[in-house]
Participant: 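I have a structure here, written as structure tokens, and I will follow up with some questions on it.
What you see below is based on every heavy atom in this structure, not just the backbone, and it leaves out hydrogens, waters and symmetry mates.
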Amino acid sequence: MAATTHTVSNQAPPLLGYDVFGADLALAEAVERHLPADVLDDARTGLAELGRSAGSAQSAQWGAQANENPPKLRTHDRYGHRVDEVEFHPAWHRLLGHAVTAGLTDAWDRPGGHVRRAAGFLVWTQAEAGHGCPLSMTHAAVPALRTEPAVAAEWEPLLTSRVYEEELRPAGQKAGALLGMAMTEKQGGTDVRSNTTRAEPLSGEGEYLLTGHKWFCSAPMSDGFLVLAQAPGGLTCFLLPRVLPDGTRNVFAIQRLKDKLGNRSNASAEVEFDGTWARRIGEEGRGVRTIIDMVAATRLDCVTGSAALMRQAVAQAVHHTTYRSAFGGVLVDKPLMRNVLADLALESEAATVLAMRLAAAYDAGTASESAFLRLAVPTAKYWVTKRCTPLVAEALECLGGNGYVEESGMPRLLREAPLNSIWEGSGNVQALDVLRALQREPLALNAFLQEVGRARGADHRLDGAIKGLLTELADLQGVEARARRLVERMALVLQGSLLVRWAPPEVADAFCASRLGGEWGAAFGTLPHTLDLASVVERARPVER
């Protein structure tokens, strides 16, 4: 018989057995808003199925196991032959295989494909974020490969396949493949034009041998990699297959796996090329131009991935405080806790709505939407990924000491939170990218202002913020030193415009009052007490309505 001191009470049950998609009203409404009517029913069915899987006890177990058993590097076999393989826990393969089967690497030619994929990515990576890296790169590589039609014809069907095959074999012998990326080098980091990896042309058309050291290679277990190297004509993009068509391993020496703060289920490596065979993608000397569309697509996944982390953190916080009592009542009903939760929910919904709007612009594919993306993607990438870490930290605090314990899952979310702000260019890189677009591409600014202007007249605080932004944009003298502040204002005005048009009045009102109207402090939980905070929190509750 258990001792009376071991009686457990006043503990929240685990947040399991729910539909992650159906419980997220902001995401479900965005899917309804942006998808064509003829694919909506099919998309909802697929997302609901994926949502139930993401909220299941099984996926939670897979996520924990994949992070408790990080990948291991095996450089040689028992006989001393170099193999350079990365071994993963079976849970990693379950997660990745489920994602591929759900179509999370397939968007480019499906009606509403980017909205459907973004929604699925946002749902499924709430179960575990690390395996989102190879999903993102595999999806994003398609536009770069299309600059070389023969290569695209060979690889694109494999990258968009619904079949996951973990074994390393020649790509032509597989039903599905994953692609990684290796651009960064020790001496340059983000400044890829300073790369020193050499590419020497062979007699075969478009064939080269690469020699060099890559400081970061993402997902080194992949079937192929897009890399940058210095060819005779300048910095050039290449596709490097892991296994050659004859079945022999390409020269791909994995020197070590990075010991990272978070993202521990996913492997990142240092690799060396020494006469490594590769195929040119695009023209010599136009490597950055060739790969830039891939970078833009992965930056959108940074936004979507951060939105996923934020949503899961808010869901856990609201769930916990709904069941936890203190000081004579349930925490979620306490005015100060409600203020914190509502503030977190606003940030999460704004991130989700913005991510889905960007995905819809990809689907539209028009000149004006492409111009809009040129500014909106780095703006969103800067701001949403920056907001992720403080939000997750505050959500963890809502669970108190329980949230600081690994079993809660919150520490894993917190370790993961900074990554998207660093990957594909950290904050300064995004801010400078916005400045370049402002100075060189007037059509991009016109498209951005048209999008923001669609909500003019609906909220006086938004109107005031738009006016202030226009004043700042009119004077770009010495703008680099204040670039972060400018991009922050652009992001907030864009989010405010989207919420005023599409969110419930209580959400838009609270966002505009705090983020645009100045009625906000320096920490979460400082919203004006006169707002309808209870409705904002109820909207964020992780249960089906």
Participant: Nearest 0.5 Å please: distance from the CZ atom of Arg264 over to the CZ atom of Arg415.
Facilitator: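 The CZ atom of Arg264 sits 7.5 Å away from the CZ atom of Arg415.
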Participant: Taking atom types as modelled, is there a side-chain donor on Thr298 or Glu424 under 3.5 Å from an acceptor on the other?
Facilitator: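 Looking only at side-chain atoms, Glu424 and Thr298 do form a donor-acceptor pair, the distance falling under 3.5 Å.
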Participant: In terms of the angle between their ring planes, are Phe88 and Trp92 parallel, tilted or perpendicular, with boundaries placed at 30° and 60°?
Facilitator: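 Answer is parallel, since the angle falls under 30°.
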Participant: Could you tell me whether the side chain of Lys381 and the main chain of Ser421 form a donor-acceptor pair under 3.5 Å?
Facilitator: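 Side chain of Lys381 to backbone of Ser421: a pair is present.
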Participant: Using side-chain contact (heavy atoms from CB on, under 4.5 Å) as the criterion, point out the one residue from Thr389, Leu396, Leu391, Val392 that pairs with Leu413.
Facilitator: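 With Leu413 as partner, side-chain contact (heavy atoms from CB on, under 4.5 Å) holds for just one option, Val392.
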Participant: To check you understand the geometry: which heavy-atom pair defines the closest contact between Arg374 and Arg436, and what is its length?
Facilitator: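 Smallest interatomic distance, heavy atoms only, reads NH2-CB, 4.5 Å.
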Participant: Shortest non-hydrogen contact from Ala141 to Leu226?
Facilitator: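 Nearest heavy atoms, Ala141 then Leu226: CB-CD1, 4.0 Å.
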Participant: Considering non-hydrogen atoms only, spot the tightest contact between Thr385 and Ser306 and give its length.
Facilitator: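 Distance-wise, the nearest heavy atoms are CG2-OG, 3.5 Å.
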Participant: How close do Leu261 and Pro418 get, counting heavy atoms only, and between which atoms?
Facilitator: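 In terms of heavy atoms, the two residues are closest at CD2-CG, 4.2 Å.
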Participant: Would you call the rings of Phe252 and Phe225 parallel, tilted or perpendicular, where under 30° means parallel and over 60° means perpendicular?
Facilitator: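 Ring orientation, 0 to 90° scale: parallel.
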Participant: Check this for me: Arg94, atom CZ, are more than 12 non-hydrogen atoms of other residues, nucleotides or ligands nearer than 6.0 Å?
Facilitator: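 Counting other residues, nucleotides and ligands, CZ of Arg94 stays at 12 neighbours or fewer.
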Participant: Give the minimum heavy-atom separation between Leu358 and Ala380, together with the two atoms involved.
Facilitator: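 Shortest heavy-atom separation between Leu358 and Ala380 comes out as CD1-CB, 3.7 Å.
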Participant: Does a side chain donor of either Gln255 or Glu270 reach within less than 3.5 Å of an acceptor in the other side chain?
Facilitator: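 Short answer, no.
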Participant: Passes side chain to side chain contact (heavy atoms under 4.5 Å, CB included), Leu210 versus Arg198? Steps please.
Facilitator: CA-CA 6 Å; Leu210 308 186; Arg198 304 187 313 277; over 6 Å; no
Participant: Please answer whether the main-chain N or O of Pro170 pairs with a side-chain N or O of Asp223 as donor and acceptor at a distance below 3.5 Å.
Facilitator: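 A pair under 3.5 Å: no.
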Participant: Is there a side-chain contact between Leu492 and Arg489 in this structure, where contact means two heavy atoms from C-beta onward sitting under 4.5 Å apart?
Facilitator: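 A side-chain contact is absent here, since even the closest heavy-atom pair is not under 4.5 Å.
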Participant: Answer yes or no: is there a donor N or O on one side and an acceptor on the other, between the side chain of Ser408 and the main chain of Met410, under 3.5 Å?
Facilitator: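 Checked: pair present.
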Participant: Taking the side chain as C-beta and beyond, is there a heavy-atom pair between Val303 and Asp301 under 4.5 Å?
Facilitator: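 Not touching, per the 4.5 Å side-chain cut-off.
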Participant: In the structure I gave you, are the side-chain heavy atoms of Thr75 and Val83 within less than 4.5 Å of one another anywhere?
Facilitator: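 The answer is no; the side chains never approach within 4.5 Å.
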Participant: Determine whether Pro134 and Met221 make a side-chain contact, defined as any pair of heavy atoms from C-beta on separated by less than 4.5 Å.
Facilitator: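 Result yes, sub-4.5 Å side-chain heavy-atom pair found.
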Participant: Give, for atom CD of Glu148 and atom CD1 of Ile281, the distance between the pair rounded to the nearest 0.5 Å.
Facilitator: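 The CD atom of Glu148 sits 5.5 Å away from the CD1 atom of Ile281.
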Participant: Test Asp106 against Arg117 for salt bridge (charged side-chain N to carboxylate O under 4.0 Å, His left out), laying out the working first.
Facilitator: CA-CA 7 Å; Asp106 180 16; Arg117 181 193 169 275; over 6 Å; no
Participant: Before you tell me yes or no, could you show the steps for Leu209 and Leu202 under side chain to side chain contact (heavy atoms under 4.5 Å, CB included), namely the whole-Å CA-CA distance, both residues' side-chain angles and the distance that decides it to 0.1 Å?
Facilitator: CA-CA 7 Å; Leu209 294 181; Leu202 298 173; 3.7 Å; yes
Participant: NZ of Lys214 to OG1 of Thr184: how many Å apart, nearest 0.5 Å?
Facilitator: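 With rounding to 0.5 Å, NZ (Lys214) is 8.0 Å from OG1 (Thr184).
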Participant: Please confirm whether the backbone N or O of Ala219 pairs with a side-chain atom of Ser222, one donor and one acceptor, at under 3.5 Å?
Facilitator: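 The answer is yes, because a donor-acceptor pair under 3.5 Å joins these two groups.
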Participant: Check salt bridge (Lys or Arg N to Asp or Glu O under 4.0 Å) between Arg169 and all other residues, then give those that pass, not counting sequence neighbours.
Facilitator: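 Applying salt bridge (Lys or Arg N to Asp or Glu O under 4.0 Å) to Arg169 gives Glu165, Glu167.
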Participant: If we ignore angles and hydrogens, is there a donor and acceptor under 3.5 Å between the side chains of Thr248 and Asp246?
Facilitator: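 There is such a pair (donor and acceptor under 3.5 Å, judged by atom type) between the side chains of Thr248 and Asp246.
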Participant: Measuring from Leu432:CG to Asn428:CG, what's the distance to the nearest 0.5 Å?
Facilitator: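 It comes to 6.0 Å.
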Participant: Any chance CD of Glu49 has more than 12 other-residue heavy atoms, nucleotides or ligands included, within less than 6.0 Å?
Facilitator: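 No, not enclosed.
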Participant: Taking all heavy atoms of Thr147 and all of Gly282, pick out the closest pair and write down the distance.
Facilitator: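 Closest approach of Thr147 to Gly282, heavy atoms only: OG1-N, 3.7 Å.
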Participant: What class does the angle between the rings of Trp108 and Tyr362 fall in, given that below 30° is parallel, 30 to 60° is tilted and above 60° is perpendicular?
Facilitator: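 Perpendicular, since the angle between the ring planes exceeds 60°.
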Participant: Take Arg299 and Asp433 through the test salt bridge (charged side-chain N to carboxylate O under 4.0 Å, His left out) and record every step on the way to the result.
Facilitator: CA-CA 12 Å; Arg299 284 178 176 178; Asp433 198 17; 2.7 Å; yes
Participant: Could you check Asp42 against Arg116 for salt bridge (charged side-chain N to carboxylate O under 4.0 Å, His left out), going step by step and ending with a plain yes or no?
Facilitator: CA-CA 10 Å; Asp42 181 63; Arg116 297 178 69 168; 2.6 Å; yes
Participant: Are Val487 and Gln430 side-chain neighbours, meaning at least one heavy-atom pair lies under 4.5 Å?
Facilitator: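 Side-chain contact under 4.5 Å: no.
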Participant: Between Gln61 and Gln58, do the side chains contain an N or O donor and an N or O acceptor separated by less than 3.5 Å?
Facilitator: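 Distance-only check passes for Gln61 and Gln58.
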Participant: For the residue pair His98 and Tyr164, confirm or rule out a side-chain donor-acceptor distance under 3.5 Å.
Facilitator: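 The criterion, which ignores hydrogens and geometry beyond distance, is not satisfied for Tyr164 and His98.
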Participant: Run the side chain to side chain donor-acceptor pair (under 3.5 Å) check on Trp62 and His89 step by step: do they pass?
Facilitator: CA-CA 9 Å; Trp62 287 341; His89 189 273; over 6 Å; no
Participant: For Trp215, is the NZ or CZ atom of Lys258 found under 6.0 angstrom from the centre of its six-membered ring and inside 45 degrees of the ring axis?
Facilitator: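 Cation-pi check for Lys258 and Trp215: passes.
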Participant: Does Arg289 reach the side chain of Glu283, with side-chain heavy atoms less than 4.5 Å apart?
Facilitator: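 Answer no - side chains too far apart.
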Participant: So, for His114 and His139, is the gap between ring centers shorter than 6.0 Å?
Facilitator: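 When the ring centroids of His114 and His139 are compared, they turn out to be within the sub-6.0 Å range.
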Participant: Between Asn67 and Glu128, is there a side-chain donor-acceptor contact under 3.5 Å, judged purely by atom types and distance?
Facilitator: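 Yes, because at least one side-chain N or O of Glu128 sits under 3.5 Å from a partner of the opposite role on Asn67.
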Participant: Say whether, by atom type as modelled, one donor and one acceptor occur between the side chain of Glu207 and the main chain of Ser203 under 3.5 angstrom.
Facilitator: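 Here the side-chain-to-backbone pair does not exist.
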Participant: Who pairs with Thr196 by side chain to side chain donor-acceptor pair (under 3.5 Å), at least two apart in sequence or on another chain?
Facilitator: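 Applying side chain to side chain donor-acceptor pair (under 3.5 Å) to Thr196 gives Glu185.
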Participant: Less than 4.5 Å apart, side chain to side chain, heavy atoms only: is that true for Pro241 and Trp155?
Facilitator: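 In contact.
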Participant: Identify the residue among Asn263, Thr125, Asn266 that makes a side-chain contact (heavy atoms from CB on, under 4.5 Å) with Glu416.
Facilitator: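 Answer after filtering Asn263, Thr125, Asn266: Asn263.
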Participant: Within the side chain of Asp24, is there an N or O that forms a donor-acceptor pair under 3.5 Å with the backbone of Val20?
Facilitator: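 Between the backbone of Val20 and the side chain of Asp24 there is no qualifying donor-acceptor contact (under 3.5 Å).
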Participant: When you compare the side chain of Leu240 with that of Arg279, does any pair of heavy atoms fall below 4.5 Å?
Facilitator: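 No, side chains not in contact.
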Participant: Starting from the C-alpha separation in whole Å, work towards a yes-or-no answer on salt bridge (charged side-chain N to carboxylate O under 4.0 Å, His left out) for Glu488 and Arg482.
Facilitator: CA-CA 10 Å; Glu488 175 183 322; Arg482 54 186 173 90; over 6 Å; no
Participant: Decide whether Lys260 and Ser268 meet the rule of one side-chain donor and one side-chain acceptor closer than 3.5 Å.
Facilitator: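 There is such a pair (donor and acceptor under 3.5 Å, judged by atom type) between the side chains of Lys260 and Ser268.
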Participant: Are the side chain of Gln230 and the backbone of Leu235 linked by a donor-acceptor contact shorter than 3.5 Å?
Facilitator: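 Indeed, once roles are kept as given, a pair shorter than 3.5 Å links the two residues.
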Participant: Val243 and Gln173: side chain to side chain contact (heavy atoms under 4.5 Å, CB included), yes or no, with the steps?
Facilitator: CA-CA 11 Å; Val243 182; Gln173 298 177 16; over 6 Å; no
Participant: Can you check side chain to side chain contact (heavy atoms under 4.5 Å, CB included) on Val100 and Val163, steps first, answer last?
Facilitator: CA-CA 7 Å; Val100 170; Val163 178; 5.8 Å; no
